[in-house]
Trainee: 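This structure is in structure tokens; I'll ask about it shortly.
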Amino acid sequence: MIYNKEIETLPLKELRELQNKRLATMLNRIYTKVPFYKNKFDELGINPGDIKGVQDLHLLPFTKKTDLRDNYPFGLFTCDVTKLNRIHCSSGTTGKPTVVGYTKNDLDVFDEVIARSLACAGATPEMRLHNAYGYGLFTGGLGMHSGATKLGMTVIPVSGGMTDRQLQLLEDFQSEVICCTPSYAQTIANECEKRGIDTSRFNLKYAILGAEPWTDAIRKEIEQKLNVKATNIYGLSEIIGPGVSQEDFEEQGTGSYIWEDHFFPEIVDKDTGEPLPYGEEGVLVLTTLTKEAFPVLRYWTNDICSLSYDHSIKRTHVKMSPIKGRSDDMLIIRGVNLFHTQVEDVITNIKELSPNYQLIVSKHNAMDIVEVKVEVVDNALINNEDLIKKFSKK
Ligand code: ADP
């Protein structure tokens, strides 16, 4: 099901026109209402009117997480706090959280993109959503909840943790859709296995997983153990929360549709900040086009991925690849770049190992050393030197 057919299948030319119109309004708003942005524009000698469309965005400066910290808590908001309907937080770069605010219209946009995402993942209004994202200051729980309500689903607000209760409710309430982090889906799946619970007693059909990077191997494991089709949802609080992009349940493995009428994506070189063409990997930079309380210009997400229209089948919007890592937590080990997802890929493809692992980086005589600690599925392996050697080599 396509939730908003008109917008989700809008011809690209019209989509660009809509984006350009919305961008002009957004730029005026931040220039006139947020001194931080006005100063940045003035320093560069640029007027909002100089930007003729999304193709000119590269002329404008990035916004980074440190800018949010420096303007804590409400310095980048375009309206008075009394005009807000909700405030959320996520982890900041220091002790202070990143604060984000929403007007009534912003919450409507949030609901809209979540409703689209749920439908894109296979959910329909008749289904029940077992929402195991954490409720509270994080955007995940309430965001999914409210968007699912808009779609017309029945929401079970379980929140995270208390796995016993999760298993019980999955069986008793027969929810068709579950949303949570991929690692929590693995926990649920493994707990079922440990207790000998036959997951066909559940009625799950779809799992919507996000908030952390995951691999195809993890997808396969979850799909097989929970009898679901698992799709990726991506987002970040600074832009809106989850629902910036979503993978279609019938187009798995080809990337996630970015809801481009609300969030304009760019990929830039992580060192120079220069825009990169479609297909090339770099830092995802997002500009909100419709947010009122807390619009963000060229937000540097630190997430590494690529963009492409090549696999946009049911919809016209651009797709982003899975996140390959973070530009800020990439490890450089003796000159070699290392993403933890690369290690994860190896580990999850060894059936004798559980998907849980630790990367421990230390220095030995000024040389970086990475120790990978893994869990074996069967204790007998601990004494099998040949296998240990083989895994270490991989
Ligand atoms: P969340 O609760 O989703 O972690 P935050 O705003 O605290 O929200 O963190 C956002 C960050 O989480 C993103 O910038 C990205 O690094 C990571 N993230 C969210 N969803 C995904 C996803 N589907 N795949 C990979 N990383 C993700």
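Quick note: residue numbers are just sequence positions, from 1. One-based numbering, in listed order, for ligands and for the atoms of each.
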Trainee: Identify, for atom 22 (C) of ligand 1, the protein heavy atom at the shortest distance, and state residue, atom and that distance.
Mentor: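 Scanning the protein heavy atoms, the shortest distance from atom 22 (C) of ligand 1 goes to Glu212 O, 3.6 Å.
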
Trainee: Can you tell me which portion of Asn302 lies within the under-4.0 Å heavy-atom range of ligand 1? Options are side chain, backbone, both, or neither.
Mentor: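 None of Asn302 does.
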
Trainee: Taking the six-membered ring for Trp, are the ring centroids of Tyr37 and Tyr31 within less than 6.0 Å of each other?
Mentor: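 Ring centroids of Tyr37 and Tyr31 are no less than 6.0 Å from each other.
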
Trainee: Which residues satisfy the side-chain contact (heavy atoms from CB on, under 4.5 Å) test with Met1, sequence neighbours excluded?
Mentor: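 Expected list: Tyr3, Ala119, Pro125, Leu151.
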
Trainee: Sequence neighbours excluded, which residues qualify as side-chain contact (heavy atoms from CB on, under 4.5 Å) partners of Lys229?
Mentor: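 Lys229: side-chain contact (heavy atoms from CB on, under 4.5 Å) contacts with Tyr206, Glu223, Phe249, Gln252.
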
Trainee: For atom 14 (O) of ligand 1, what is the nearest protein heavy atom, given as residue, atom name and distance?
Mentor: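 Protein heavy atom with the smallest distance to atom 14 (O) of ligand 1: Asp303 OD2, 2.6 Å.
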
Trainee: Which is it for Arg326 and ligand 1 at heavy atoms under 4.0 Å: side chain, backbone, both or neither?
Mentor: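 Contact part for Arg326 vs ligand 1: side chain (C-beta onward).
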
Trainee: Nearest heavy atom to atom 3 (O) of ligand 1: which of Pro97, Ala211, Gly210 does it belong to?
Mentor: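 It is Ala211 that holds the nearest heavy atom.
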
Trainee: When the ring centroid of His88 is compared with that of Tyr102, is the distance short of 6.0 Å?
Mentor: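 Aromatic pair counts; centres sit under 6.0 Å.
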
Trainee: Does the separation of the ring centres of Phe62 and Tyr299 fall below 6.0 angstrom?
Mentor: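 Phe62 vs Tyr299: aromatic centres not under 6.0 Å.
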
Trainee: Of all the non-hydrogen atoms in the protein, which one sits nearest to atom 5 (P) of ligand 1, and at what distance?
Mentor: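 The closest heavy atom on the protein side is Ser237 OG, 3.8 Å.
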
Trainee: Report yes or no: does Gly235 have a heavy atom closer than 4.0 Å to ligand 1?
Mentor: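 Yes, that is the case, since the closest heavy atom of the residue is under 4.0 Å from the ligand.
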
